[in-house]
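Every heavy atom of this structure was used, including side-chain atoms; hydrogens, water molecules and symmetry mates were not. Each chain gets a letter, A, B and so on, in the order its sequence line appears, and its residues count up from 1.
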Amino acid sequence: MAEQIVQKPFVVAIAGPTATGKTAAAVSVAKALGGEVLSMDSMQIYRGLSIGTAAPTAEEMQGVPHHLLGFRPPETPYSVAEYQRDARQAMADVLARGRLPVFTGGTGLYLQAVSHPLRFTESGGDSAVRQRLQQEAEAPEGPQKLLMRLAVVDPESAQRLHQNNTRRIIRALEVFEQTGRAMSESNTDWREQPDEHWLIFALTMPRDALRKRIAARVDAMLSRGLIDEVRALLSGGVPRDAQALQAIGYKEIIAMLDGQLTEKEAVEAIRTHTAQYAKRQMTWLRGDPRVRWLDVTDYPDTETLHTALAQWIRNEMERIHAEHR
RNA sequence: AGGGGUGUCGUCCAGCGGCAGGACUCUGGUCUCCAAAACCAGGUACGGGAGUUCGAAUCUCUCCACCCCUG
């Protein structure tokens, strides 16, 4: 009996901290290997947040199809669970067209959600329940009480959470109240293998260089009209506490428009917050053994980097093909 | 040149004779449910020298640096 070889499809992901050139690299790789780009960025999914999230412009896309960008109204919250569903659908579509999915973006959890068979609760956020729990958390001894309550209904989650992390404690309690089941019950084993061969790369550079890139990028955002973009969102009726407006670059400009910060202070705050975010992105990726790192400063120019990256991907694909023969 | 003031982590500030502390920054980390979020952990300082004292960041003298005022 001839053995039926079911070849898993290849999927590429280009991750890394912000401002390292992921967007351009993804487009290059997609062009070189016949791919389409899929965003894995928790803020670029919102419509109207282009400048501050450094979403690719039409010119930067160079004719390569892009997915999962700017499709969500900014007044609506979005979540990993929804991203997982949307991203897998988009990935399946790209594969059905016989093209290579090239994910790119900096949201670590989103990468995990698409590249691992994780399962999330169906229930979305319930603001009434959430508000009530938040009030309870603010009472004296509130956090302790909430954690003890969680320990009764969902001991596994309670054990993993620090008492001060009321945000996650509240979410776990909320899920239990809505579904009657412990959040941890739906957890799947990390060791379950995905249905695709994931080739995951991360672009990086020394911290000082990154800081300079970030500073320059924030200046560029302002000169491209970030303040007007924020004004337009606000006058379009997006509430100030919308999840979309908690993004770096937006919350600070809003504080400036409200007179709480000078423009100089706002710019400084955006830079600092972006650098801190970049640090957390690195921490996240360092913990993933699948990630192959590329220090962009090791390459004389981006063209060389892109060529090397595309070649690396081809080699990996060939190696995996050979293994499965 | 004369008079006054200030020198404490990278930054801003507390400590005013008895173990040098906080906030922010920074560094490392956590993570299957708001993730550009939330949370945890860690490092670093008394301007230099001399004196008083059992004991000095703290009191005295001196030098240095910076700020203000007068000329």
A:Asn165 side chain near B:U30 phosphate (N/O to OP1/OP2, under 4.0 Å) = no
Taken to the nearest whole Å, CG/A:Leu161 to P/B:U32 is 9 Å
Examine B:G29: is either OP1 or OP2 under 4.0 Å from a nitrogen or oxygen in the side chain of A:Thr283? Give yes or no.
-> yes
For A:Arg280 and B:G28, what is the distance between atoms CZ and C1' respectively, to the nearest whole Å?
-> 14 Å
Could A:Glu323 and A:Arg319 be called an ion pair, given the rule that one side-chain N must be under 4.0 Å from one carboxylate O?
-> yes
Per nearest nucleotide of RNA chain B, the residue lying toward the 5' end, A:Arg286 or A:Ala275, is A:Ala275
In residues 9-26 of chain A, which ones come under 4.0 Å of RNA chain B, going by heavy atoms?
-> none
Take atom CD of A:Gln276 and atom P of B:G29, then tell me their distance rounded to the nearest Å.
-> 15 Å
Does A:Gln112 make a side-chain N or O approach to OP1 or OP2 of B:C31 shorter than 4.0 Å?
-> no
Whole-Å distance between B:C34 P and A:Glu75 CD?
-> 20 Å
Can you find a side chain N or O atom of A:Arg171 that sits less than 4.0 Å from OP1 or OP2 on B:U32?
-> no
Check whether any side-chain N or O of A:His116 sits under 3.5 Å from a backbone N or O of A:Leu118 as a donor-acceptor pair, and report yes or no.
-> no
Please check the phosphate of B:U27 (OP1 and OP2 only) for any side-chain N or O of A:Arg211 closer than 4.0 Å.
-> yes
Counting distance only, does the side-chain N/O of A:Tyr250 pair as donor-acceptor with the main-chain N or O of A:Gly52 below 3.5 Å?
-> yes
Relative to the ring of A:Tyr83, is the ring of A:Tyr110 parallel (under 30°), tilted (30 to 60°) or perpendicular (over 60°)?
-> parallel
Between A:Arg168 and B:A38, is there a side-chain N or O to OP1/OP2 distance below 4.0 Å?
-> no
